[in-house]
Amino acid sequence: MNDWQRKSPLEWETYVNKMVKVAVIEKHEYEGWVVTVDPVSASIVLATFLENEKVSISVVLGHAVQEVKVLQEGDDEMKQRLSGIFAPEESKAYSPEELEKRKNDLKAWLESNHIPVTEQGESGRTLCVVGVLTIDPPYGPEECSSSNEIILSRVQGLIQGFLEKQQ
């Protein structure tokens with residue numbers, strides 16, 4: 001076990017959002033921004049920003065790490081860029097009020113089309129359609145889940161049409 005692997009997760013966390021140079025066995029070196037460090041394997045996930053807003057992701061296996069040197073601290077803008085790498089393109093933060101409005105609008109529309117829908121969960125955030133399909137926030141077709149593929153497909157199509165009409 002090398003020195004890097006002996007560090008604790010709290011020590012690894014100090015490297016997150018920083019530009020580092022990682023020296024590995026056989027004299028190879030990798031440079032990039034630390035996105036995260038796997039607490040089990042001590043592997044480092046590095047991001048390198050290319051032109052055209054593209055990102056290259058590298059994983060340096062923890063057992064191969066010999067030295068990690070911090071080259072640059074990340075500012076708030078860089079932290080934002082790094083945190084958004086694995087977020088879906090269309091993901092948008094909704095306020096609790098917006099989510100409540102989306103849920104109520106969708107529920108009312110489904111009920112107006114004679115589709116039985118109930119709210120479930122401790123906070124009533126999940127909609128349940130016909131008892132076999134659930135819709136989680138932010139209440140789009142991607143958030144539908146059901147073991148019945150026919151119902152899933154049809155309800156997703158209905159929700160997609162509903163959202164397109166609203167825009």
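In this text the structure is predicted, and so the values were computed from the model without any measurement.
Under the side-chain contact (heavy atoms from CB on, under 4.5 Å) criterion, Thr134 pairs with Gln120, Thr126, Ser145, sequence neighbours left out. The side-chain hydrogen bond (donor to acceptor under 3.5 Å, both in side chains) test applied to Lys79 returns no partner, not counting sequence neighbours. Asp75 meets the side-chain contact (heavy atoms from CB on, under 4.5 Å) test with Glu77, Met78; sequence neighbours excluded. Residues passing the side-chain contact (heavy atoms from CB on, under 4.5 Å) test with Ala42, sequence neighbours excluded: Trp4, Gln5, Trp12. With sequence neighbours excluded, the residues forming a salt bridge (charged side-chain N to carboxylate O under 4.0 Å, His left out) with Glu100 are Lys103, listed by chain and number. Applying the side-chain hydrogen bond (donor to acceptor under 3.5 Å, both in side chains) criterion to Asn113, with sequence neighbours excluded, gives no partner residue. Residues passing the side-chain contact (heavy atoms from CB on, under 4.5 Å) test with Glu13 are Leu10, sequence neighbours excluded. Every residue two or more places apart in sequence or in another chain was checked for a side-chain hydrogen bond (donor to acceptor under 3.5 Å, both in side chains) with Gln166, and none qualifies. Residues passing the side-chain hydrogen bond (donor to acceptor under 3.5 Å, both in side chains) test with Glu143, sequence neighbours excluded: none.
Listed by first and then second residue, the ring-ring contact (aromatic ring centres under 6.0 Å, His included) pairs involving residues 131-167 are Trp109-Phe162 (not counting sequence neighbours). For residues 17-44, every residue pair satisfying the side-chain hydrogen bond (donor to acceptor under 3.5 Å, both in side chains) rule, not counting sequence neighbours, is listed here: Asp38-Ser41, Ser41-Ser43.
By the 6.0 Å contact criterion, CZ on Arg102 is enclosed, its count of non-hydrogen atoms from other residues, nucleotides or ligands being greater than 12.
Closest approach of Gly62 to Asn2, counting heavy atoms only: O-ND2, 3.2 Å.
Other members of a hydrophobic cluster containing Ile25 are absent, since no ILVMFWY side chain comes under 4.5 Å of it, directly or through relayed contacts.
A salt bridge links Asp105 to Lys101: at least one charged side-chain nitrogen sits closer than 4.0 Å to a carboxylate oxygen.
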